Amino acid sequence: MQEPARTLPVLGEFDVVVVGGGPAGIAASVSAARRGARTLLVERYGFLGGMGTAGGVTNFAGLYGKRDGQMQQLVHGVADDLLARIDAMGGLNRPQDGMQGRIRVRSYDTSVYKLAADQLLVDAGVQLLFHAHAAAVLKDGARIAALVVETKSGRQAIRANAFIDASGDADVAAFAGVPFSVGDGNGSGLFPTTMFRIGHVDAAVAIDAVGEFKAINDVMARVQQAKPGEYRFPREGAILRPNIDPREWRANVTQIRNAQGRAMNGVDARELSDGELEGRRQIAEYFRFVKAEVPGFAQSAIVEIAPQVGIRETRRIDGAYALTGEDILSSARFEDSIGINAWPMEIHGDGRIEWGFPRDQGRTYNQLPWRMLLPRNVDNLLVAGRCASMTHEGQSAARASGGCFVMGQAAGTAAAGLGAGALAATDVAALQRQLVADGAWLGD
Ligand SMILES: Cc1cc2nc3c(=O)[nH]c(=O)nc-3n(C[C@H](O)[C@H](O)[C@H](O)COP(=O)(O)OP(=O)(O)OC[C@H]3O[C@@H](n4cnc5c(N)ncnc54)[C@H](O)[C@@H]3O)c2cc1C
């Protein structure tokens with residue numbers, strides 16, 4: 001049907017508008033505002049954190065990796081400021097190791113993350129527009145003249161000199177006509193997961209029984225052998241881990257397929273809706289198993305089902321450079337590095353997870369190039385986070401929070417410096433100097 005043209009009120013005019021309040025959008029907006037740009041962050045929910053809160057992820061990955069054979073925190077910059085605030089409010093867990101010491105993560109309290117992110121952005125001078133869904137762009141040649149948002153006050157336009165798409169789904173880039181791929185390019189992709197948290201656990205008993213990273217999978221295998229047909233598990237490689245208060249555990253165990261048995265498509269409205277139902281159905285079934293079979297969980301209860309199905313991968317733009325799986329495995333270096341990714345390839349395939357670790361186990365990180373933020377055909381747009389320019393395999397690694405903070409900080413810093421020209425003409429050496437001055441580590 002044809003929609004009649006209409007005139008939109010202009011909500012405001014800014015130097016930088018960031019769409020999406022996940023790790024990439026948080027780092028982008030804070031960095032832009034700290035560089036003196038009048039910055040607005042547009043977020044469809046009423047809180048920040050993206051998949052980290054709305055998707056119930058509850059865990060920072062990709063911040064730590066091995067340098068000179070030593071496991072250490074390698075992602076720095078805005079990420080440090082956010083972690084420090086979460087820690088100061090008692091919401092940050094000590095580092096947890098897994099996969100025979102090849103990965104290190106920090107879990108956190110989701111509510112504290114929301115509080116800390118609010119404070120971080122407000123203190124940096126970022127203006128926030130919650131409950132606003134980016135719905136379209138208005139273009140002027142190769143530039144985006146305005147972002148169109150749907151709000152409770154109706155449809156409105158927001159003008160800016162530069163835009164950052166940190167929507168995770170490359171919504172803004174897609175509206176602006178930037179070429180992209182979805183998932184693995186063959187109708188599937190990284191499978192989504194609805195996360196949930198289990199409380200009232202007998203911590204000592206549970207840690208003794210399933211405290212090791214992969215121990216829950218041994219329990220699942222044993223129970224399946226002893227009671228064939230009693231439980232159907234959506235995938236191998238379940239993750240059930242204690243949070244900062246070990247009476248509470250996070251469960252990353254579901255896997256959402258579409259009617260064709262492929263990964264649910266997170267940018268298909270009907271599949272998204274069906275996926276929410278399926279995720280909660282799987283949670284009920286898995287929790288029946290946990291309560292009956294896993295030591296320490298007999299008196300436990302589900303304390304939260306994540307507000308939305310967790311989406312790992314949807315659109316990825318086809319930008320000036322696409323980070324590849326080989327870049328991850330070879331610990332790649334780039335002259336236009338904006339920081340590093342320290343997470344291995346983590347492919348959530350059909351019924352299982354496949355890991356791909358860097359060959360050099362003394363240097364388990366790769367640099368991220370500036371070019372992966374750059375769409376080819378829009379002058380004043382950068383794309384940061386899990387929808388930046390990467391192949392399916394490259395994205396399976398750099399989509400973790402650590403890499404998204406890095407991309408966001410670089411995007412915000414660069415966008416704040418844009419004049420009348422194009423972002424493609426950014427002085428990369430000057431950008432790198434600024435990032436280092438602001439605490440980022442670009443790798444060596
Ligand atoms: C189940 C699951 C488990 C994971 N486990 C981990 C883990 O243990 N550790 C880890 O570090 N990472 C993990 N990840 C990956 C990580 O959480 C995400 O890849 C990361 O959050 C991506 O950051 P982002 O900022 O690019 O996008 P997102 O976190 O997806 O944030 C995008 C934001 O944009 C908003 N938005 C989207 N569209 C619009 C629109 N049109 N208008 C306005 N706002 C919009 C969203 O509401 C959201 O707040 C996991 C992901 C999933 C799904």
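Every value quoted in this text rests on a predicted model; they were computed, and no experiment measured them.
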Counting only heavy atoms from other residues, nucleotides and ligands, does the tally under 6.0 Å from [atom1] of [X] exceed 12?
X: Glu212; atom1: CD; result: no
X: Lys214; atom1: NZ; result: no
X: Arg247; atom1: CZ; result: no

Check this for me, if you would: do [X] and [Y] make a salt bridge, where the nitrogen-to-carboxylate-oxygen distance has to be below 4.0 angstrom?
X: Arg257; Y: Glu278; answer: no
X: Glu304; Y: Arg197; answer: yes
X: Asp171; Y: Arg44; answer: no
X: Asp350; Y: Arg262; answer: no
X: Asp169; Y: Arg315; answer: no

*Under the criterion ring-ring contact (aromatic ring centres under 6.0 Å, His included), which of Trp441, Tyr64, Trp343 is the partner of Tyr365?*
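Between Tyr365 and the candidates, ring-ring contact (aromatic ring centres under 6.0 Å, His included) is satisfied uniquely by Trp441.
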
*Run the salt bridge (Lys or Arg N to Asp or Glu O under 4.0 Å) check on Asp81 and Arg34 step by step: do they pass?*
CA-CA 13 Å; Asp81 304 337; Arg34 284 180 177 169; 2.8 Å; yes

Between [X] and [Y], a side-chain donor and acceptor under 3.5 Å:
X: Ser167; Y: Asp165; value: yes
X: Glu271; Y: Asn265; value: no
X: Asn252; Y: Arg235; value: yes
X: Arg316; Y: Thr391; value: no
X: Gln255; Y: His348; value: no
X: Arg35; Y: Gln434; value: yes

Smallest separation among heavy atoms of [X] and [Y], with atom names:
X: Ala263; Y: Pro192; value: CB-CD, 4.3 Å
X: Arg159; Y: Phe163; value: C-CZ, 4.3 Å
X: Leu373; Y: Ile338; value: CD1-CD1, 3.8 Å

Rounded to the nearest 0.5 Å, how far does [atom2] of [Y] lie from [atom1] of [X]?
X: Leu435; Y: Trp370; atom1: CG; atom2: CH2; answer: 9.5 Å
X: Met372; Y: Met407; atom1: CE; atom2: CE; answer: 4.0 Å
X: Ile302; Y: Ile198; atom1: CD1; atom2: CD1; answer: 6.5 Å
X: Ile311; Y: Cys387; atom1: CD1; atom2: SG; answer: 13.0 Å
X: Phe47; Y: Leu128; atom1: CZ; atom2: CG; answer: 13.5 Å
X: Met390; Y: Ile328; atom1: CE; atom2: CD1; answer: 9.0 Å

Pick out which of [options] makes a side chain to side chain contact (heavy atoms under 4.5 Å, CB included) with [X].
X: Arg386; options: Arg312, Gln395, Glu313; answer: Gln395
X: Pro375; options: Leu423, Asp318, Leu381; answer: Leu381
X: His392; options: Thr324, Val182, Leu190; answer: Leu190

*Do any N or O atoms from the side chain of Gln367 and from the backbone of Glu335 form a donor-acceptor pair under 3.5 angstrom?*
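No: the side chain of Gln367 does not pair with the backbone of Glu335.
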
*Arg363 side chain to Arg67 main-chain N or O, any donor-acceptor pair under 3.5 Å?*
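No, because the side chain of Arg363 does not come within donor-acceptor range (under 3.5 Å) of the backbone of Arg67.
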
*Should the pair Arg359 and Phe357 be classed as cation-pi, given the thresholds of under 6.0 Å to the six-membered ring centre and 45° from the axis?*
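No, a cation-pi geometry is absent between Arg359 and Phe357.
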
